[in-house]
Amino acid sequence: MKKLRTLAEKPIIGGVVKKAMTSLASNDAKVISRHFSQYLRPQIATTEELKHEVYHLRHQVYCEELHFEDIKESYEECDEFDARAIHCFVRHLGSKALAGTVRLIGSNAADELLPIEQFCGHAIEHPELSPMNFPRESICEISRLAVPENFRKRAIDKFKGAATGAINEQVFSETELRCFPYIAICLYLAATAMAMQTKRYHGFVMMEPRLARSLTFVGIQFQQIGKLIEFHGKRAPFYIDARDLRSNLSPGYLRLLESVERDLIQSGGLKPAAEHARGQGFSLNPLSSPS
């Protein structure tokens, strides 16, 4: 796949190679989607207890592993945006450990800036696709995506010693190991599904351009709307219209999206942070009622 990515950048054969990569990814996703829900369960953090689990995982990844933030006395990473965010996480059913998390931050007033506006607004250069050009109740930011080290390593990654974070192949099955690289994709799908259900169609995120290119092969098409800046590494602002997701996804990933949506519904739906937000709540209605 690495060699294919290199060929995909070639001017003449690049288009054909990209189609081949998309087809391969889609076929693999069909297989993975059948097993994903057996081992991994996306959920909405509908209680304070679950939110604290999320904050603890974020601390593990952002403070202890990546050192983006200082170690907190509480061993929880949280900020002022969490009160008006919907938090999603993926739980590994075998160990009960959290395998990843992401949040969707909303805005209900002109003075409720998204983090991308507050900290990276100078990087946004697109004349039309800027948060300030949309109604505040229709925008959101995908933020704080985190996957812990144990779930980032693949079976083919061979390291010695527990400190490397390599997966213990005696604990996880081969099928589980195949699912783990899909956790981050699952989180992006969950975030976009949450954006759709809350009618916050205009999504923004700071990410590495190479990650955005990789997500394109899946059918998650982020559009770069500004320049690279230093923000926990070289990152740029990106935009996505959540309404386009379903039509852009390849068949295999469409199945995975449908599986993610079912699990989010069964987790109890989307709960508003209405007591913390002004005006209309982030979402006053759940995703839907469980069938």
Side-chain angles (χ1 to χ4, degrees), residues 41-48 50-51 54 58 78-90 100-118 129-146 185-207 215 220-223 237-249 254 256-291:
R41 185 67 47 79
Q43 295 178 245
I44 302 295
T46 56
T47 67
E48 289 302 313
L50 290 175
K51 290 177 184 177
V54 165
R58 278 169 31 186
C78 54
D79 59 29
E80 68 272 22
F81 300 104
D82 286 314
R84 51 186 170 99
I86 299 174
H87 303 273
C88 176
F89 61 88
V90 175
T101 183
V102 70
R103 69 181 178 181
L104 195 75
I105 304 171
S107 171
N108 298 294
D111 61 346
E112 281 190 350
L113 298 180
L114 298 176
I116 197 171
E117 296 177 282
Q118 185 167 329
L129 300 180
S130 171
M132 68 179 64
N133 293 339
F134 300 103
R136 301 306 294 184
E137 67 275 9
S138 72
I139 65 172
C140 62
E141 181 170 346
I142 300 169
S143 171
R144 286 297 196 268
L145 189 145
I185 293 173
C186 168
L187 291 169
Y188 278 111
L189 292 176
T192 311
M194 292 189 294
M196 278 295 296
Q197 293 297 336
T198 55
K199 297 184 179 180
R200 294 184 177 270
Y201 302 124
H202 304 289
F204 298 87
V205 63
M206 290 293 294
M207 67 166 64
L215 291 172
I220 306 176
Q221 298 183 2
F222 284 96
Q223 178 179 347
F238 284 82
Y239 166 84
I240 191 170
D241 189 325
R243 293 168 292 189
D244 296 333
L245 178 67
R246 195 172 294 273
S247 60
N248 290 332
L249 283 178
L254 188 57
L256 185 58
L257 172 63
E258 291 168 351
S259 175
V260 168
E261 288 175 332
R262 284 195 301 270
D263 287 337
L264 294 181
I265 289 169
Q266 292 174 1
S267 74
L270 302 182
K271 299 294 184 179
E275 64 274 21
H276 302 292
R278 293 192 298 275
Q280 294 294 316
F282 192 113
S283 171
L284 299 180
N285 297 304
L287 277 165
S288 69
S289 300
S291 56

Practice item. Among T192, I220, L189, find the one that has a side-chain contact (heavy atoms from CB on, under 4.5 Å) with L257. Key: L189
Check your understanding: Less than 4.5 Å apart, any side-chain heavy atom of L113 and any of M132?
Key -> no
Check your understanding: With sequence neighbours excluded, what pairs up with R246 under the side-chain hydrogen bond (donor to acceptor under 3.5 Å, both in side chains) test?
Key -> E261
Review point. Can you tell me how far CD of Q43 sits from CD1 of I265, rounded to the nearest 0.5 angstrom?
Key: 13.5 Å
Review point. Below 4.5 Å, heavy atoms only, C-beta onward: do N133 and H202 meet side chain to side chain?
Key: no
Review point. Can a donor-acceptor pair be found between the side chains of R200 and S138 at a distance below 3.5 Å?
Key: no
Review point. What distance separates Y201 OH from D241 CG, expressed to the nearest 0.5 Å?
Key: 9.0 Å
Practice item. State, with a plain yes or no, whether a side-chain heavy atom of V205 is found less than 4.5 Å away from one of S143. Key: no
Practice item. With the side chain counted from C-beta on, respond yes when M206 and F238 share a heavy-atom pair under 4.5 Å apart, and no when they do not. Key: no
Check your understanding: Between CG of L249 and CD of Q221, what distance do you get to the nearest 0.5 Å?
Key -> 9.0 Å
Check your understanding: Roughly how far, to the nearest 0.5 Å, is CZ of R136 from CG of N108?
Key -> 9.5 Å
Check your understanding: Is the closest side-chain heavy-atom distance between P42 and S267 below 4.5 Å?
Key -> no
Review point. Is any side-chain heavy atom of F81 closer than 4.5 Å to a side-chain heavy atom of E112?
Key: no
Study note, to complete from the structure: Shortest non-hydrogen pair, L187 vs A146, comes out as CD1-O, 4.2 Å
Point to revise | Residue that, paired with H87, satisfies side-chain contact (heavy atoms from CB on, under 4.5 Å) out of M194, R144, R103 | key: R103
Review point. How many angstroms lie between atom SG of C88 and atom CG of L104, to the nearest 0.5 angstrom?
Key: 10.0 Å
Point to revise | Check against side chain to side chain contact (heavy atoms under 4.5 Å, CB included), L215 and M207 | key: CA-CA 11 Å; L215 291 172; M207 67 166 64; 4.2 Å; yes
Review point. Between E137 and R84, is a salt bridge (Lys or Arg N to Asp or Glu O under 4.0 Å) present by the stated rule, with each step listed?
Key: CA-CA 12 Å; E137 67 275 9; R84 51 186 170 99; over 6 Å; no
Check your understanding: Going from CZ on F134 to CZ on F204, what distance comes out if it is rounded to the nearest 0.5 angstrom?
Key -> 5.0 Å
Check your understanding: Is the closest side-chain heavy-atom distance between I142 and F222 below 4.5 Å?
Key -> yes
Practice item. Please report the shortest heavy-atom distance between A191 and V102, naming the atom on each side. Key: CB-CG1, 4.3 Å
Practice item. Mind checking side-chain hydrogen bond (donor to acceptor under 3.5 Å, both in side chains) for R58 and listing every partner two or more places apart, or none if nothing turns up? Key: E77, D82
Point to revise | Taking every non-hydrogen atom, the tightest pair across C186 and V90 | key: SG-CG2, 4.0 Å
Point to revise | L145 side chain near T101 side chain, heavy-atom distance below 4.5 Å | key: no
